[in-house]
Every structure is written in structure tokens, then in C-alpha cells.
Amino acid sequence: MYEDWKENILPLVYSAPQSLNPSSFSVKEYFAARSLIASRSFQIDEYHGFGMVPLADLFNHKTGAEDVHFTSVSPNQEYEDDVDSENGDNNELSKISSHDKRDSTCENSYIHSDSESDYSSVTGEDPMMLQMIMVREVKSGDEVFNTYGSLGNAALLHRYGFTEANNPFDIVNIDLELVLKWGCSLFSSRYCRARLSLWRRINISGSVSENSEYFEVSSDGEPELELLTLLYIMLLPDDTCHKLDISICTADKVSANIGMILAEKHDITWSTSSEISKDLLLTEKVCRALLALADIRESCYGSKSIDEDVEALERCCMTERKLYHSLMLRISERRILEKFRTYATAGAQSQTFQDANGTSTRKRLKKH
Ligand SMILES: C[S@@+](CC[C@H](N)C(=O)[O-])C[C@H]1O[C@@H](n2cnc3c(N)ncnc32)[C@H](O)[C@@H]1O
């Protein structure tokens with residue numbers, strides 16, 4: 001953002017210092033203006049791209065419980081819908097929910113567009129219209145909410161400047177960098193780089209955002225398969241690792257290799273339609289690594305405990321918006337980390353139980 005300001009705003013101020021007051025065009029002013037626009041603009045459809053739509057940005061967000069719904073339609077389509085209604089086939093609500101599913105991945109998706117009308121707007125034959133539809137009864141005087149999508153608190157705070165209590169879409173990210181920090185506390189950095197590159201060669205990667213690679217832990221504390229696979233490979237004995245390395249060089253279906261190693265270890269049948277299941281990767285060592293990662297991630301919050309954060313939130317008043325929402329984000333992330341620990345501890349205990357009873361670790365392989 002700073003680079004944008006330097007490239008686009010600064011030359012403007014230099015070009016007309018008499019008419020433009022430099023203090024109104026400082027980096028701070030630019031950030032504030034940009035935040036306001038970013039939190040009120042969105043991807044309209046393929047044709048219109050990103051933009052602001054008067055009135056469509058009127059409503060506040062509520063997760064999974066919108067009262068008002070926007071959908072972009074062409075006049076022709078609306079006519080067809082009217083005809084349907086006249087024929088007694090008034091399925092407006094079901095039509096809306098199908099739009100919901102399609103657009104759940106949109107950023108800033110207040111508006112849910114119809115693909116046919118996208119096409120007609122591209123051809124210029126049929127200008128689009130925006131429908132604002134009440135999908136719930138709202139009592140007079142109550143606030144009317146829209147939903148901006150299935151967003152966790154970090155995304156809500158980053159894009160819109162607020163958070164929600166008990167948000168079911170919350171996640172915690174664990175950066176690849178933290179995983180490597182854990183790895184380097186046990187092994188040499190050369191070893192870690194070699195294992196990381198092996199992991200990449202089986203066609204796996206984390207999610208990427210603004211040049212950093214990370215893994216998500218879901219709101220119920222479950223880590224992504226990609227993270228478990230990386231830890232598993234980091235902790236493989238050298239001879240198994242060498243075997244995996246060779247099989248990657250020779251096999252056709254790259255993703256099958258880690259599955260083959262797992263199948264051999266757990267004495268299960270592996271077929272090309274099998275999927276790697278998380279519980280196969282949850283060895284005791286991997287579970288211990290997850291617990292160590294939880295500690296490293298937790299240390300990012302500084303010396304204050306989660307209880308202290310909860311007390312601070314209780315004391316904080318809503319007018320201290322920045323403090324309130326940052327505490328809410330910290331607490332919701334740390335609660336997920338607690339569940340992440342429970343997940344790892346349960347995994348480790350189940351391994352110890354199996355080892356103590358000498359039971360086979362034969363486990364499920366998911367089919368496609
Ligand atoms: C599209 S606008 C919604 C209308 C908004 N109230 C306004 O003043 O323009 C998005 C902004 O509204 C605020 N907002 C929306 N939903 C909210 C919520 N549930 N809690 C707190 N603030 C919210 C945030 O500041 C967000 O950046």
C-alpha cells in the first residue's frame with residue numbers, strides 16, 4: 001500500500017502543490033481512504049469487475065444469517081421469474097440459496113450474480129439489474145443484515161475492521177516459517193530443506209497469501225492434511241525417506257507415493273483410488289510435533305495468557321473498537337489453538353493405546 005501511495009499519490013501532490021494540500025494526501029490519509037473504499041467495494045461480476053454500488057453497501061454483516069440478499073439479474077431473467085411466479089412456481093428462496101452456494105468463495109460478495117446475466121452484460125445486449133430481496137422477516141425497528149461471505153475473524157478484521165463472537169468460520173494460520181523453525185530446533189537446516197523439497201515433490205503445498213505460505217487449522221482444531229504430510233515427511237527415518245525419494249522419481253502418479261509408504265507401514269492395501277487419510281499420518285511423533293507447533297504459534301501472542309485476554313475483553317468497552325476487535329481475534333484464535341492441542345493429545349494417546357495393546361494400526365483409507 002505504501003508503494004501504491006508513493007507511485008500514485010505523491011507525484012500528484014508534487015504536480016499541484018498550490019491546489020492540493022499535502023497534509024490531506026499523507027500516507028495516513030491514503031490508508032484511511034483506501035480502507036473505507038476497500039470495505040465497501042466488491043467483485044460485482046466478471047464484466048463489471050471490482051467496484052462500489054450505492055445502497056448495496058448499506059448493510060452490516062452477520063455470519064450465516066442474512067436478512068437481505070442481493071442478486072444481479074438481467075431484465076429478461078426477471079421477466080421469466082415473474083412468469084414462473086404467475087404459474088404458481090414461486091421458488092425465489094430456493095433460487096437464492098443456489099446463488100449462495102455458487103458465490104461462497106467470492107471476496108466481498110454482497111452481490112450474487114447469475115452467470116447467464118454475466119454473459120448478457122458482456123455482450124451489451126441486456127444491461128444488468130440488481131435485486132435486493134428480503135429473505136427473512138425483520139421486525140420493524142430491527143437492524144437488517146446482509147452477509148459478506150463465510151469469513152473467519154482474521155479475514156473480517158483485515159477486510160472490514162470488525163470481528164464476530166463465536167464465528168464458525170474462524171481459523172488459525174500456521175506459517176510454513178514456523179514449521180521450519182520447529183524443524184530447525186530438532187534437525188539441521190540442510191536436513192529441513194531436503195525434507196521440505198521432498199514434500200513439495202509429492203505435489204503438496206500450503207496456502208499462499210502475500211508471499212507467505214501457511215496452513216490452516218479449522219475452528220474445531222483440525223489441521224490441514226498438507227501440514228500433517230509435511231510433519232510426517234520431516235520425521236520419516238532416513239531409509240524410508242530414501243525409498244520415498246526413489247519412488248517419486250519412478251512412479252507415474254506422484255501423489256500415490258506417500259500413500260504407498262503409509263500402506264506398507266500400516267499393512268493396508270493401497271490402490272490408485274485411495275486417498276491419504278489424516279489418521280494414518282497421526283503418529284506419536286507427528287502429534288508431538290503438532291503440540292510443539294501449538295506452543296510456537298501461541299508464543300506469537302506475547303506473554304499475556306488467554307485468561308488475561310478474556311479479562312481485558314470483559315473490561316474493554318465497545319467504543320475502544322480497535323482494542324475490542326483485536327482482543328476478540330486473539331481470543332478466538334487461541335481457543336482454536338486449545339482445540340488443536342486437544343486434537344494432537346488425543347492422537348498421541350490413541351497411538352500409545354494401540355502400541356500398549358499391540359493392536360494393529362490398520363486404519364481407514366478413504367476412497368474417492
Ligand atoms: C459495507 S459497510 C456496511 C455499512 C456500514 N455500516 C457503513 O457505515 O457504511 C462495511 C463496514 O460496516 C461495518 N460493519 C459491517 N458489519 C459489521 C458488524 N457486524 N459489526 C461491526 N461493524 C460492522 C464495518 O466497519 C465494515 O467495514
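Computed over heavy atoms, backbone and side chain alike; hydrogens, waters and symmetry mates excluded. Owing to the predicted nature of the structure, the values given are computational and were not obtained by experimental measurement. One-based numbering, in listed order, for ligands and for the atoms of each.
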Exercise. Apply side-chain contact (heavy atoms from CB on, under 4.5 Å) to S35 and list each qualifying residue two or more places apart in sequence or on a separate chain.
Key: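 So S35 forms no side-chain contact (heavy atoms from CB on, under 4.5 Å) with any residue.
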Self-check item: Exam field: side chain R195 to backbone I233, donor-acceptor pair closer than 3.5 Å
Solution: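 Flag set: sc R195 to bb I233 pair under 3.5 Å.
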Quiz item: Distance-only, no hydrogens or angles: does the R297 side chain make a donor-acceptor pair with backbone N or O of N173 under 3.5 Å?
Solution: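 Flag set: sc R297 to bb N173 pair under 3.5 Å.
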Quiz item: Taking NZ, NE, NH1 and NH2 as the nitrogens, is one of them in E308 or R330 under 4.0 Å from a carboxylate oxygen of the other?
Solution: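 Not counted as a salt bridge, because no side-chain N and carboxylate O are separated by less than 4.0 Å.
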Self-check item: D220/K339 ion pair, N-O < 4.0 Å
Solution: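 The answer is no: the pair does not qualify as a salt bridge.
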Please state which part of [X] comes within less than 4.0 Å of ligand 1, counting heavy atoms only: side chain, backbone, both or neither.
X: F162; value: side chain
X: Y324; value: neither
X: F145; value: neither

Taking only heavy atoms of [X] into account, list the atoms of ligand 1 that are under 4.0 Å away from them.
X: L58; value: 4 (C)
X: S39; value: 1 (C), 10 (C), 27 (O)
X: Y148; value: 1 (C), 2 (S), 3 (C), 10 (C), 15 (C), 16 (N)
X: Y160; value: 24 (C), 25 (O), 26 (C), 27 (O)

Could you pull out every donor-acceptor pair under 3.5 Å between side chains of residues 3-12 and any protein atom, sequence neighbours left out?
from: D4; atom 1: OD2; to: R34; atom 2: NH1; distance (Å): 2.6
from: W5; atom 1: NE1; to: F25; atom 2: O; distance (Å): 2.9
from: N8; atom 1: ND2; to: D4; atom 2: O; distance (Å): 3.1

Quiz item: Do any N/O atoms on H325 end up under 3.5 angstrom from N/O atoms on ligand 1?
Solution: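 Between H325 and ligand 1, no N or O pair is found under 3.5 Å apart.
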Practice problem: Could you tell me whether N60 and ligand 1 have an N or O pair separated by under 3.5 Å? | Solution: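 The answer is yes, given that N60 and ligand 1 share an N or O pair closer than 3.5 Å.
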Quiz item: D307 and S305: side-chain donor and acceptor closer than 3.5 Å?
Solution: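 No, no side-chain donor-acceptor pair sits under 3.5 Å.
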